[in-house]
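Working notes for the structure below.
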Amino acid sequence: MSIDKIISLCKRRGFIFQSSEIYGGFGAVYDYGPLGTALKNNISQIWWQAMTQFHENIVGIDSGILMHPKIWEASGHVDAFNDPLVDCKQCKARYPADELFDGNPEDGKWDNIQCPKCGTTGNLTEPRQFNLMFKTHIGPVQKDANVAYLRPETAQGIYVNYLLTQNAMRLKIPFGIAQIGKAFRNEIIARNFIFRTREFEQMEMQYFVRPGDDDQSMRDWKDERMAFYSQLGIDSGKLRLQEHGPDELAHYAKEAWDIEFEFPFGWSEIEGIHNRTNFDLARHQEFSGKKMEVFDQENNEHYLPYIIETSAGLNRMLLAVLSQAYWEDNENNRIVMKFHPRIAPVTAAVCPLVKKDGLPEVGRKVMDIVKPHFKVIYDQQGSIGKRYYRQDEAGTPYGITIDHQSLEDKTVTLRHRDSQQQDRVAIDQLVSAINNSMENYT
Ligand code: GAP
């Protein structure tokens with residue numbers, strides 16, 4: 001299945017739009033429409049709950065996107081957060097160096113490499129390091145002293161607040177701090193729809209452990225994070241863990257694993273799990289001059305904890321959910337987004353069979369009963385078949401239809417999106433029937 005089908009459905013049904021479309025678009029930035037926003041919020045809520053509700057020792061924070069510029073010097077991002085890039089002097093195309101050359105770019109073989117765009121040889125420049133952080137200036141004067149960066153990861157906001165958070169919440173090692181928020185990277189080659197963009201959202205959790213407990217904690221988090229995806233309806237056969245080789249490790253990591261999903265364009269990373277040791281805390285201690293150690297009362301000692309990080313991209317998780325859900329039901333000539341009902345943007349559509357005979361009035365009463373429990377919409381436009389198919393494409397798992405029998409016995413039909421099966425349900429039993437079906441959804 002091609003990603004283009006998903007892109008087109010996303011636009012048609014109001015999941016995701018290209019940014020600034022009326023101006024011809026704005027590269028590698030996307031806007032989320034009503035269904036995309038609802039789906040994204042549902043996914044992030046499940047992640048937030050998995051971290052901060054199911055773990056008594058994990059709390060959430062929300063730090064600023066702009067932070068003291070020294071943070072990015074201490075973290076190593078000013079010096080080391082680079083992509084080596086190569087330009088073609090002939091046609092001006094630009095490539096990440098590793099895309100054209102899988103050996104060591106230092107060994108000067110660039111003269112023999114052909115530009116994939118114009119086909120000439122000998123026109124590629126030596127790789128140049130390009131920093132991925134977006135720079136801006138605080139205040140009216142643009143000088144070096146006023147430089148600030150849009151954060152390229154949310155993690156640093158956690159590190160610089162970790163002692164304040166620990167004290168405020170009286171946390172003991174091991175404990176975790178979770179955060180969801182925007183991150184920005186000046187990606188040169190952005191591609192694959194919302195997979196690699198310049199503005200995106202991360203869901204990161206930093207777990208602070210005693211040095212020496214880090215390897216076990218890493219193993220535990222790898223298992224837990226892999227298991228998480230079933231809550232989003234993602235098939236475990238489409239997920240795999242891949243370890244980073246020594247030359248792929250980020251500047252802060254002792255060990256790193258990617259959770260990869262089989263996207264329509266191939267296996268690619270959705271989440272990273274990293275053992276960051278005490279690298280970041282030691283650097284902040286050095287650069288700020290402030291002690292970053294915890295006091296471990298039980299063992300009566302001060303130390304810099306090690307950090308296991310789970311770092312997921314919300315937009316990539318959403319793209320994985322969209323890819324998993326897309327189903328061409330050729331037998332019934334319809335496209336269905338088979339979202340797990342727990343995360344579907346709309347849970348049910350209430351549809352009076354006709355716009356007369358008192359059916360809309362019953363429909364409105366049903367809306368009032370169901371609305372406090374689920375996101376429901378009211379739809380009386382067009383034939384009932386068209387209405388069902390419209391909702392199938394939007395991924396709405398239930399259709400509630402009011403017909404003439406409803407006037408007589410106060411029942412409605414409950415239609416199930418995937419099987420198209422319909423059950424007759426008493427109006428006052430609708431909420432529990434939907435809850436039941438959601439719990440048993442496979
Ligand atoms: N704090 C560690 C960190 O940021 P990363 O592997 O660079 O690690 C973590 O990023 C996750 O953030 C990735 O697994 C991916 O889901 C998401 N991500 C990174 N760059 C992205 C981009 N340009 N567009 C969309 N998501 C991105």
Side-chain angles (χ1 to χ4, degrees), residues 3 16 19 27-30 32 40 43-44 47 63 65 67 71-72 74-77 80-83 96 130-134 149-160 162 176-207 218 221-222 225-226 228-229 232 234 239-245 248-261 263 265 267-277 279-281 283 307-323:
I3 188 77
I16 301 167
S19 162
V29 182
Y30 288 89
Y32 289 77
K40 188 154 66 70
I43 295 171
S44 65
W47 182 89
S63 68
I65 286 171
M67 293 191 279
I71 288 174
W72 304 110
S75 70
H77 284 82
F81 197 50
N82 297 321
D83 259 359
F130 179 85
N131 194 285
L132 294 176
M133 281 196 294
F134 280 105
Y149 300 96
L150 300 189
R151 64 182 178 196
E153 62 170 6
T154 64
Q156 299 300 328
I158 295 181
Y159 303 147
V160 296
Y162 104 97
I177 303 179
Q179 169 159 235
I180 301 177
K182 291 252 173 165
F184 301 83
R185 296 184 189 177
N186 196 0
E187 301 282 2
I188 299 309
I189 314 288
R191 61 162 72 109
N192 288 333
F193 194 32
I194 56 169
F195 180 81
R196 190 180 301 286
T197 52
R198 302 203 165 101
E199 178 176 342
F200 56 98
E201 277 174 83
Q202 287 188 318
M203 304 189 288
E204 298 200 302
M205 193 283 302
Q206 312 295 324
Y207 202 65
M218 185 80 185
W221 278 110
K222 268 163 43 194
R225 292 307 304 148
M226 280 296 275
F228 168 83
Y229 287 86
L232 306 181
I234 289 182
L239 291 171
R240 71 181 186 193
L241 265 171
Q242 292 286 100
E243 186 170 14
H244 284 208
E248 295 168 304
L249 283 176
H251 60 276
Y252 48 72
K254 163 182 156 186
E255 184 187 349
W257 293 78
D258 288 341
I259 298 181
E260 294 186 344
F261 176 79
F263 287 100
F265 44 82
W267 288 96
S268 301
E269 171 191 350
I270 346 180
E271 170 162 357
I273 304 163
H274 313 129
N275 182 343
R276 293 181 74 134
T277 67
F279 173 88
D280 299 271
L281 297 182
R283 295 273 293 185
I307 294 171
I308 306 301
E309 166 184 72
T310 73
S311 173
L314 175 53
N315 316 76
R316 286 192 191 176
M317 219 182 258
L318 175 72
L319 186 57
V321 165
L322 289 166
S323 311

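Just so it is clear, the model here is predicted, and its values are computed rather than measured. Both ligands and their constituent atoms are indexed starting at 1 by order of listing.
- A search for salt bridge (charged side-chain N to carboxylate O under 4.0 Å, His left out) contacts involving K182 returns E199, not counting sequence neighbours.
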message: Run the side-chain hydrogen bond (donor to acceptor under 3.5 Å, both in side chains) test on E201 and N315 for me, step by step, so that the C-alpha distance in whole Å, both residues' side-chain angles and the decisive distance to 0.1 Å come before the verdict.
response: CA-CA 6 Å; E201 277 174 83; N315 316 76; 4.6 Å; no
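- Considering each of L314, T197, N315, the one bringing a non-hydrogen atom nearest atom 22 (C) of ligand 1 is T197.
- Heavy-atom proximity to atom 25 (C) of ligand 1, evaluated over F195, F81, Y252, is greatest for F195.
- Ranked by closest heavy atom to atom 8 (O) of ligand 1, the top entry among Q206, E153, H274 is H274.
- Proximity of I273 to E309: side-chain heavy atoms (C-beta onward) are nowhere separated by under 4.5 Å.
- Atoms of ligand 1 found under 4.0 Å from any heavy atom of E271, numbered from 1 in the order shown, are 14 (O).
- Geometrically, ligand 1 and F200 share no nitrogen or oxygen pair separated by less than 3.5 Å.
- The protein heavy-atom contact nearest to atom 9 (C) of ligand 1 is S311 OG, 3.0 Å.
- Considering only residues two or more places apart in sequence or on other chains, W221 meets the ring pair (Phe, Tyr, Trp, His ring centres under 6.0 Å) condition with H55, Y207.
- By the 4.0 Å heavy-atom criterion, R276 is counted among the residues contacting ligand 1.
- Checked against a 6.0 Å centroid threshold, the rings of F193 and F195 do not count as neighbours.
- Regarding atom 2 (C) of ligand 1, its nearest protein heavy-atom neighbour is E309 OE1, 3.0 Å.
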field: Check against side-chain hydrogen bond (donor to acceptor under 3.5 Å, both in side chains), E204 and Q179
entry: CA-CA 5 Å; E204 298 200 302; Q179 169 159 235; over 6 Å; no
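- For atom 6 (O) of ligand 1, the closest non-hydrogen atom of the protein is E269 OE2, 3.2 Å.
- Taking atom 15 (C) of ligand 1 as the reference point, the nearest protein heavy-atom neighbour is R316 NH1, 3.4 Å.
- Classification of E187 and R198 as a salt-bridged pair fails, no side-chain N sitting under 4.0 Å from a carboxylate O.
- With a 4.5 Å cut-off on side-chain heavy atoms, I307 and I158 do not count as touching.
- You'll find the side chain of I188 stays beyond 4.5 Å of the side chain of D83, heavy atoms only.
- Of the protein's heavy atoms, G313 CA, 3.7 Å lies nearest to atom 17 (C) of ligand 1.
- Residue E204 approaches ligand 1 through these ligand atoms, each under 4.0 Å from one of its heavy atoms: 1 (N), 2 (C), 3 (C), 4 (O).
- Considering only non-hydrogen protein atoms, atom 19 (C) of ligand 1 sits nearest to R185 NH1, 3.5 Å.
- Only side-chain heavy atoms of E187 come within less than 4.0 Å of ligand 1; its backbone N, CA, C and O stay farther off.
- Here the protein heavy atom with the shortest distance to atom 16 (O) of ligand 1 is I270 O, 2.7 Å.
- Only the side chain of Q202 comes within 4.0 Å of ligand 1, counting heavy atoms alone; its backbone N, CA, C and O stay farther away.
- A cation-pi arrangement, defined by a distance under 6.0 Å to the six-membered ring centre and an angle within 45 degrees of its axis, is absent between R276 and F279.
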